[in-house]
Amino acid sequence: MRLRFAPSPTGTLHIGGARTALYNWLVARHSGGTLVLRIEDTDRERSTPENVEQILDALRWLELDWDEGPIMQTSAEARHRAVIGELLASGHAYRSNATGDDVKAFKALHGDERGFRGEDEGEGAVRLRVPDAGETVVHDLIRGDTTFAHTHLDDPVIARADGTPLYNLAVAIDDLDAGITHVVRGADHVSNTPKQLLVLQALGAPQPVYAHLPLLHGPDGKKLSKRHGAASVQELRDAGYLPAAVRNYIALLGWGDTDDETLISTEQLVQRFDVTRVSKNPAQFDEVKLRWMNGRYLRELSSEDLTATLEEYTGRSGLGPSVEISREKVQTLADFWPLAGFIHDGPADDPQAREQWLDDDGLAALAEVRVALAAVEPWAADGLEAALRGVVAVREVKPKAVFQPVRVAIAGTTISPGIWETLDVLGRDESLQRIDAAIAAG
RNA sequence: GCCGCCAUCGUCCAGGGGACUAGGACGCCGCCCUCUCACGGCGGAAACGGGGGUUCGAAUCCCCCUGGCGGUACCA
C-alpha cells in the first residue's frame with residue numbers, strides 16, 4: 001500500500017490539509033504502508049523554497065513523518081509533456097482553441113446536460129477526448145460508487161497551449177509514476193476524479209483506490225478562514241496548542257470509532273483508524289472544543305514537561321514554580337503568561353482592579369495582612385494560608401474582602417493562581433515589597 | 001443552468017429495520033466545591049429537514065422536495 005499526501009505550496013497548511021495529511025499518515029502507519037510526500041503544483045511561481053519549507057515545518061510540528069519525498073511535482077514537467085505527446089499521437093487527445101465561451105455555446109446548442117466535444121484544430125490547448133458512450137465510475141472507500149455518464153462530461157483541458165500540463169493530467173501521472181495505490185484527499189476532488197481516471201484509462205494504466213474526505217468548514221458553515229480564529233496549523237501552533245491534542249481533535253473531524261471515546265492517543269488512533277468508517281458529512285471546525293481537549297492534554301503532561309514546553313513557548317526560563325501553581329488553570333500555552341507572568345515581570349497594571357479592591361477597606365485589610373505575613377515562619381503555603389485566614393477572622397469579613405486586595409497588590413489584577421501558593425512562589429521579600437508598594441500607592 | 005455529493009442535539013461523533021424513552025463529547029443552563037479564574041463532581045435543556053412510499057414495524061430502505069456543499073478554468 002502506497003499513499004501520498006500532496007499539499008499545495010502556498011506556504012500555509014490549512015486545517016483541512018492537516019487532516020488529510022493525518023488521515024494518510026494514520027492509514028500508512030496502521031497498515032505498514034508507505035507514505036509519499038509531494039508538493040503539488042504546476043505553477044512554479046508559487047512553489048518557492050520558502051513556501052515549501054513552511055509546509056514541511058507545519059508537518060514536522062504535527063509530528064507527522066513521511067517515508068519518501070518531499071517531491072516537487074513541477075520537476076516532472078518533461079514527463080508530463082511526453083505523456084501529452086503520447087496521448088496526442090494515439091488520438092486520445094487533440095489540440096483545440098475552444099474557449100470557455102465556446103463550451104457554453106456548444107451546450108446551448110446541444111442541451112445543458114450534454115458534454116462539450118471539440119474538433120481537432122492542430123493547435124491550442126490540449127483536450128482529452130471523452131468517449132461519447134459509456135460511463136466512468138469512481139470506486140470510493142468512503143462514498144461507494146459514483147457514476148459519471150460520459151455524455152455529461154466535457155472534454156477536459158489537460159495542457160495549456162504552451163504545452164505545460166494542467167492539474168488533472170499532472171496528478172494522474174504523478175500518482176501513477178509514484179506507484180500510488182490509495183488516494184486519500186478532499187471531497188472537492190470527486191468531480192475531478194473521472195477526468196483523471198480517463199487519463200489513466202487512455203494510457204492503459206491501473207487505477208488507484210480512492211477515498212474522498214468530507215470537507216471542513218468554519219463555525220458559520222462557510223469555508224474555513226482566518227476570520228474564524230486559527231485556520232492553519234501554523235496558527236494553531238502560535239495559539240499554544242499541543243500537537244497531540246491537535247492530532248486527536250482533527251482525527252475526530254469526520255471519523256468516530258464505534259466507541260464513544262473522544263480522548264484518544266495517537267497510538268490508539270493508529271491502531272483503530274479505519275478509513276472506510278470516515279463520515280460522508282462535512283464537518284465544522286470548532287476551536288472551543290479543541291481548547292477543551294488541549295487543556296486535557298496539558299494537564300496530562302508532567303510538571304517537568306509542561307515547564308519545558310512553556311519555557312520554549314514563552315522564551316523564558318525559571319518557570320517551574322509558577323507553572324506548578326498555574327497548570328490547572330490554563331487550556332493553551334498562550335494562557336499561561338497572562339495568568340502568571342506577573343510573578344516574573346511584576347504586577348500587571350489594571351486600574352479598575354485597584355480602584356475596586358484597594359479602597360479604604362482594602363488598604364486597611366492589606367495593612368493587617370502585611371503584619372500577619374511578616375510573622376509567618378517558615379514562608380510556605382500552609383502558614384501563609386493560616387495567616388491570611390487569621391486576618392479574615394479578626395476583621396470579621398468575607399474571605400474575599402481580604403484575599404482580593406492581596407491578589408491585586410501582588411498580581412495587579414483580580415485573576416491569578418491561588419493566593420497563598422503565589423505568595424509562596426514569590427518569596428517573603430518580594431511579596432512584602434509588593435504589598436508595601438500597593439499600600440504606599442493607595 | 002448543468003453534473004455530482006451530503007443531510008441525527010448549536011457543534012463533533014455513535015446508532016444502518018424491532019434492543020431508541022435516539023447514546024457520548026464540546027458548548028449552554030442549574031447546583032456542589034471555592035480566595036479570583038479555572039479544575040473537578042452532580043443534574044438539566046437540546047436532534048432524526050419536509051412529504052410520500054416499502055414493511056407487522058422506518059432515524060435506519062426507496063422516491064420526490066427542500067437545504068447545504070463541490071465541480072463545471074488554457075487554477076490546484
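Throughout, a chain's letter reflects where its sequence line sits, starting with A, and its residues are numbered from 1.
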Whole angstrom value for the distance that separates [atom2] of [N] from [atom1] of [X]:
| X | N | atom1 | atom2 | value |
| --- | --- | --- | --- | --- |
| A:I264 | B:C26 | CD1 | P | 14 Å |
| A:H150 | B:G4 | NE2 | P | 14 Å |
| A:L213 | B:G70 | CG | P | 16 Å |
| A:L128 | B:C74 | CG | C1' | 15 Å |
| A:L252 | B:C12 | CG | P | 12 Å |
| A:F285 | B:C13 | CZ | P | 14 Å |

Side chain of [X] only, heavy atoms from C-beta on: which candidate in [options] is closest?
| X | options | result |
| --- | --- | --- |
| A:L215 | B:C69, B:C75, B:C12 | B:C69 |
| A:K195 | B:G15, B:G71, B:C5 | B:G71 |
| A:T146 | B:C6, B:C74, B:G4 | B:G4 |
| A:L166 | B:G27, B:A73, B:C75 | B:C75 |
| A:R143 | B:C5, B:G4, B:G70 | B:C5 |

ask   = Is the distance from OP1 or OP2 of B:A7 to the nearest side-chain N or O of A:N281 less than 4.0 Å?
value = yes

query = For A:K280 and B:C6, is the shortest distance between a side-chain N/O and OP1 or OP2 below 4.0 Å?
reply = yes

Note: A:D177-A:R38 ion pair, threshold 4.0 Å (strictly below) = no

request  = Could you pick out which residue, A:A98 or A:F148, lies toward the 5' side of RNA chain B when each is mapped onto its nearest nucleotide?
outcome  = A:F148

message = In whole Å, measure the gap between the C1' atoms of B:C33 and B:A38 for me.
response = 12 Å

ask   = On a whole-Å scale, what distance lies between the P atoms belonging to B:A25 and B:G43?
value = 11 Å

key: Protein-to-nucleotide contact annotation, 5' to 3' order, nucleotides 35-43 of chain B [B base; S sugar-phosphate only; - none; under 4.0 Å, heavy atom]   = BBBBSS---

